[in-house]
J.: 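What follows is a single structure, and I will ask about it in a moment.
Values reported hereafter were calculated over all heavy atoms of this structure, with side chains retained and with hydrogens, waters and symmetry mates removed.
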Amino acid sequence: MIDLRSDTITRPTPAMKEAMMHAEVGDDVFQADPTVNALQQKLAGIFGMEDALLCPSGTMTNQIALRIQTQPQDEVICDKRSHIYLYEGGGMMYNSMVSPKLLDGDRGRITAEDIEAAVNPDDVHFPVSRLVSLENTMNKGGGSIYKLEEIRKIRSTCDRHGLRLHLDGARLYNALAETGESPVEYGQLFDTISVCFSKGLGAPVGSVLLGSSENIKKARRVRKVMGGGMRQAGYLAAACLYALDHHVDRLKEDHRRARAIGDMAAASPHVKSVYPVETNIVIVELNDGISEQWMLEKLKEKGVLAVGFGKGLVRFVTHLDFNDTHLDQLAHVLQTI
Ligand SMILES: *Cc1c(COP(=O)(O)O)cnc(C)c1O
């Protein structure tokens, strides 16, 4: 099977497993796991932020970021396609008792202007606008990339209104690989950043929350109460460290293959359009009257897995375990449907 359902399906490479096997470990709840500490320090350094915290998932890092920077009754401003709203089980309402103000950005990217217009006046009828959350790259927008210039404007809008700014950077490394921008620029603009290692970077488990020492101290307390305080987590951190050293530069290959898939899909008689392919996600819009279920079944019959992404939409995601041979096979499959 050629599995393009997600970049989370990759399995650790032999070399990554080797690095995991030889990790030096300790009890991370006592902050005594040297490999976890090394990962957290390394990532904080890369982003020029004060501290970092390893968590089991990106849902947890996002949820912690919201929890430590909001009060119940506050409002979180985000795009209506955001992972924090759509795919975290209503977590912001459950964990933090906050509501979302949903904006409709360009393929998921909201602007400073949108945010300016969404901030509530100081009036008891309205929730208190407290935090803005961006997603880069934007999953539901087809892996779209934010312009750093727009994020700078968003930061000043946030400063003017006393809003905190969080980045769901599950695929931030995909954006950086494409733009060549420096992680430090991101570190300067956001209060908190979540980075996933279990997506394109190919680690089996792990997301890191970045922030100020004060925020990460609070985050450690919330991680514990959510049940995310792990013990000899260094085995997992070793995979993340390995990914940082070996799987960052290769992300551009995933993007090249995703662009090729976009071109192939556009040539299919069943396809109306393809979202612009900016990174490793390809969203294909099928012709009217063709359901995503039909397309997914046809693909599956021919050995290709993808996912439905809303009415008439199919998503393919390229990753570490998808190579040029698979790409040729996929080209053949798409030609024969
Ligand atoms: C995958 C993902 C997350 C985190 O998901 P987990 O499965 O909980 O690690 C967060 N945001 C985005 C945009 C994602 O794609």
J.: Show, in sequence, the C-alpha distance, side-chain angles and deciding distance for Leu134 and Leu165, and conclude whether the side-chain contact (heavy atoms from CB on, under 4.5 Å) test is met.
T.: CA-CA 8 Å; Leu134 309 181; Leu165 184 58; 4.1 Å; yes
J.: Can you check side chain to side chain donor-acceptor pair (under 3.5 Å) on His161 and Glu116, steps first, answer last?
T.: CA-CA 9 Å; His161 294 284; Glu116 185 73 50; 2.7 Å; yes
J.: What I'd like to find out is whether the side chain of Asn174 reaches to under 4.5 Å of the side chain of Lys199, using heavy atoms alone.
T.: no
J.: State yes or no: do Ile337 and Val304 share one hydrophobic cluster built from I, L, V, M, F, W and Y residues joined by side-chain heavy-atom distances below 4.5 Å, directly or via other members?
T.: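 Yes, it is one cluster - the side chains of Ile337 and Val304 are joined through contacts under 4.5 Å.
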J.: Tell me, with the steps shown, if Val29 and Arg231 meet side-chain contact (heavy atoms from CB on, under 4.5 Å).
T.: CA-CA 6 Å; Val29 175; Arg231 302 296 176 174; 3.2 Å; yes
J.: Walk me through it: do Arg109 and Asp114 pass the test salt bridge (charged side-chain N to carboxylate O under 4.0 Å, His left out)?
T.: CA-CA 10 Å; Arg109 293 160 302 182; Asp114 299 336; over 6 Å; no
J.: Do other residues, nucleotides or ligands put more than 12 heavy atoms under 6.0 Å from Asp159 CG?
T.: yes
J.: Between Val277 and Phe316, is there a shared hydrophobic cluster once you connect ILVMFWY residues whose side-chain heavy atoms come closer than 4.5 Å?
T.: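 Yes; tracing contacts between hydrophobic side chains, which count when under 4.5 Å, links both residues.
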J.: Got Thr59 and Met226 here, is their nearest side-chain heavy-atom distance under 4.5 Å?
T.: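 Result no, sub-4.5 Å side-chain heavy-atom pair not found.
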J.: Any heavy-atom pair between the side chains of Glu75 and Arg130 that's under 4.5 Å?
T.: no
J.: Any side-chain donor-acceptor pair under 3.5 Å between Asp79 and Tyr85?
T.: no
J.: Please test Arg155 against Asp191 for side-chain contact (heavy atoms from CB on, under 4.5 Å), starting from the C-alpha separation and ending with a verdict.
T.: CA-CA 10 Å; Arg155 176 77 256 181; Asp191 295 295; 3.2 Å; yes
J.: Given the rule in the salt bridge (charged side-chain N to carboxylate O under 4.0 Å, His left out) test, do Asp324 and Arg257 qualify, once you have shown the distances and angles that lead to the verdict?
T.: CA-CA 8 Å; Asp324 285 332; Arg257 294 187 186 110; 2.8 Å; yes
J.: More than 12 foreign heavy atoms under 6.0 Å from CE of Met21: is that the case here?
T.: no
J.: Given the rule in the side chain to side chain donor-acceptor pair (under 3.5 Å) test, do Gln69 and Thr192 qualify, once you have shown the distances and angles that lead to the verdict?
T.: CA-CA 9 Å; Gln69 296 178 102; Thr192 46; 2.8 Å; yes
J.: With heavy-atom distances below 4.5 Å as the criterion, would you say the side chains of Asn120 and Val128 are in contact?
T.: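 A side-chain contact is absent here, since even the closest heavy-atom pair is not under 4.5 Å.
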J.: Looking at Arg67, I'd like to know if its CZ atom is crowded, meaning that more than 12 non-hydrogen atoms belonging to other residues, nucleotides or ligands lie closer than 6.0 Å.
T.: no
J.: Rounded to the nearest 0.5 Å, what's the gap from CG on Leu305 to CG on Leu299? Could you check?
T.: 8.5 Å
J.: Before giving the answer on side-chain contact (heavy atoms from CB on, under 4.5 Å), spell out for Val274 and Val282 the whole-Å C-alpha distance, their side-chain angles and the decisive distance to 0.1 Å.
T.: CA-CA 7 Å; Val274 179; Val282 185; 4.0 Å; yes
J.: Does the side chain of Phe190 reach to within under 4.5 Å of the side chain of Ile154, using non-hydrogen atoms?
T.: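 Contact flag for Phe190/Ile154 side chains = no.
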J.: Judged by atom type as modelled, is there a donor-acceptor pair below 3.5 Å linking the side chain of Asp168 to the main-chain atoms of Ala170?
T.: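 Between the backbone of Ala170 and the side chain of Asp168 there is a qualifying donor-acceptor contact (under 3.5 Å).
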J.: Report yes or no: do Val307 and Val317 belong to one cluster of Ile/Leu/Val/Met/Phe/Trp/Tyr joined by side chain heavy-atom distances under 4.5 Å?
T.: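 Hydrophobic grouping puts Val307 with Val317.
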J.: Do you know the tightest heavy-atom contact between Ser207 and Ser57?
T.: OG-C, 3.3 Å
J.: Take atom CZ in Arg221; do more than 12 heavy atoms of anything else shown fall under 6.0 Å from it?
T.: no
J.: Would you sort out whether Asn62 and Glu88 count as a side chain to side chain donor-acceptor pair (under 3.5 Å), showing the intermediate values?
T.: CA-CA 9 Å; Asn62 281 336; Glu88 298 187 10; 2.9 Å; yes
J.: Between the side chains of His255 and Glu178, is a donor N or O closer than 3.5 angstrom to an acceptor N or O?
T.: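 Yes - a donor-acceptor pair under 3.5 Å links their side chains.
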J.: Any chance the side chains of Asp321 and His326 put a donor and an acceptor closer than 3.5 Å?
T.: no
J.: So do Asn280 and Arg171 actually touch side chain to side chain, heavy atoms under 4.5 Å?
T.: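 They are in contact (side-chain heavy atoms under 4.5 Å apart), so the answer is yes.
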J.: Test of understanding: clusters of I, L, V, M, F, W, Y form through side-chain heavy atoms closer than 4.5 Å, transitively. Do Leu176 and Met138 belong to the same one?
T.: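 Shared cluster, no.
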J.: Between the side chain of Glu135 and the main-chain N/O of Asn139, is any donor-acceptor distance below 3.5 Å?
T.: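 Present.
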J.: Please confirm whether His247 and Tyr242 have ring centers closer than 6.0 angstrom.
T.: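 Yes; Tyr242 has its ring centre under 6.0 Å from that of His247.
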J.: Using side-chain heavy atoms (C-beta onward) and a distance below 4.5 Å, is Arg164 in contact with Val132?
T.: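 No, too far: nothing below the 4.5 Å cut-off.
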J.: Can you get from Ile261 to Phe309 by hopping between Ile, Leu, Val, Met, Phe, Trp and Tyr side chains that sit under 4.5 Å apart?
T.: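 Looking at the clustering, Phe309 is in a separate group from Ile261.
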J.: Would you say NZ of Lys298 has more than 12 non-hydrogen atoms from neighbouring residues, nucleotides or ligands within 6.0 angstrom?
T.: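 No, because the 6.0 Å sphere around NZ of Lys298 holds 12 heavy atoms or fewer from other groups.
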J.: Any non-hydrogen side-chain atom of Gln329 less than 4.5 Å from a side-chain atom of Ile2?
T.: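 A side-chain contact exists here, since the closest heavy-atom pair is under 4.5 Å.
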J.: So, taking the atom named CG in Leu244 and the one named CG in Leu39, what distance separates them when rounded to the nearest 0.5 Å?
T.: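 Between Leu244 CG and Leu39 CG, I get 6.5 Å after rounding to 0.5 Å.
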J.: Are Glu285 and Ser273 linked by a side-chain donor-acceptor pair shorter than 3.5 Å?
T.: yes
J.: Do other residues, nucleotides or ligands put more than 12 heavy atoms under 6.0 Å from Asp245 CG?
T.: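 Counting other residues, nucleotides and ligands, CG of Asp245 exceeds 12 neighbours.
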J.: Tell me whether the count of non-hydrogen atoms from other residues, nucleotides or ligands lying under 6.0 Å of CD in Glu50 goes above 12.
T.: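 Enclosed: over 12 neighbouring heavy atoms sit under 6.0 Å from CD of Glu50.
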